[in-house]
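All remarks here apply to the structure that follows.
Note on naming: letters A, B, ... go to the chains in the order of the sequence lines (proteins, then strands), and numbering restarts at 1 for each one. Computed over heavy atoms, backbone and side chain alike; hydrogens, waters and symmetry mates excluded.
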Amino acid sequence: FQSAAIISPSVPRRNKGAKILHDGQRSTKFLKEIFASSPILSHHQEDFNKDAIVPHDYMLSIYRTYSAAERLGLNASFFRSSKSANTITSFVDRGTDDLLHSPLRRQKYLFDVSTLSDKEELVGAELRIFRKVPGDLQTSPTGLYDIQLLSCRSERLLDSRSLDPLDSRKPGWEVLDVWEMFKNRHHSDQGSQICLQLKGTLGKSEMEIDLKQMGFDRTGRTQQEKAILVVYTRSKKRENLFNEMKEKIKSRGSGSRSEEERGLQFKARRRRR
Amino acid sequence: TALNNRHGKRHGKKSKSRCSKKALHVNFKELGWDDWIIAPLDYEAYHCEGVCDFPLRSHLEPTNHAIIQTLMNSMDPNSTPPSCCVPTKLSPISILYIDSGNNVVYKQYEDMVVEQCGCR
């Protein structure tokens, strides 16, 4: 993905000749700076709860790259990484490790995909798992090992990858293609949950190894290190912003009582909208 | 011959400018949308403003109907209004937002920025 990255120009093409009403340098800000200085993030922390919605670097990178491309007059859908999608949704893993079972032979990744719309065409899906540096390198497996991703229900192999323990001395993201699972997926018969299962084997053998030794355990992970399911969709028809606003209002309407009670400022916002 | 005043505007009948693209700065925070839009915080959307009067310039890419309507208007302004100055070409922008399930979503929204104005 990084190879497709485009540095945003200091002055966006679109602003050429236009009257700049506020700050002439606003568009050159990188998102991280925006987050650091903006009240938005703290606002989200209040509104969307304690867990705080922190966008993964991957999503920020997608936004940054494609918006820079737009400013250069390029269509983001030309990028191979976009899979010609115009909507990319990230679902954060809700699974937990069973600490009673040590070693950790299998890991389940759970995602609530209820917000995926039937009206959108699915064009790709991938699981991105962060692999930490194993705490104890001495006990790490030697020789090549394989990671395999299976569907929880049918145990069908979705994707696999060989890893070299030498490479695991630095952390990184493993990207596994789960498009096979989505291809034949129907909302009605599979519900709104996606369950994926990870296992590691020594080379091509059947011997399963401890995922903790490979740096996949979930303990001590930050929000941004949690695995994400990235789903690429393409709208079948032109959508407008009102769809998002309606959804937002609906989800707030069905919120808890306490949320409603502290929602005076929301109401004011809604009225303003 | 119309004389220009100090600000470059012409006096009298022709004081309103011809149909063209003008600045329209959108600030999502001011709209109260910053509770679901992560980025951008603001952008330049532009808008179309000005009159579509006779004779229409070709860069305004008028439709045949607009040419007829403008002609009718020039002959009798009371019978027919002038044609409308509207966006004729729009471009998308990328938006990063939080959906109703609290997932972070990137979406390319069509028709968010006016690229070109014309008479329709």
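Heavy-atom minimum distance, A:E70 versus B:Y106: OE2-OH, 4.2 Å. Smallest separation of non-hydrogen atoms from B:I38 and A:P55: CD1-CG, 3.9 Å. Scanning both residues, A:S90 and B:N103, for their nearest heavy atoms gives O-CB, 3.2 Å.
The environment of CE in B:M72 is sparse: at most 12 heavy-atom neighbours from other residues, nucleotides or ligands sit within 6.0 Å. Atom CG of B:D76 is surrounded by more than 12 heavy atoms from other residues, nucleotides or ligands within 6.0 Å. Counting non-hydrogen atoms of other residues, nucleotides and ligands closer than 6.0 Å to NZ of B:K22 gives a total above 12.
Residue pairs meeting the disulfide (SG to SG under 2.5 Å) criterion with at least one partner in residues 45-80 of chain B, sequence neighbours excluded, are B:C48-B:C117, B:C52-B:C119.
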**OP:** Go through the steps for B:D99 and A:T89 under the test side chain to side chain donor-acceptor pair (under 3.5 Å), then give the verdict.
**Re:** CA-CA 9 Å; B:D99 72 6; A:T89 310; 5.5 Å; no

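Under the rule for a side-chain hydrogen bond (donor to acceptor under 3.5 Å, both in side chains), B:R120 has no partner lying at least two apart in sequence or in another chain.
Side chain of B:S94 to backbone of A:Y63: no donor-acceptor contact under 3.5 angstrom is found.
Atom CD1 of residue A:I88 and atom CD of residue B:Q108 lie 9.5 Å apart, to the nearest 0.5 angstrom.
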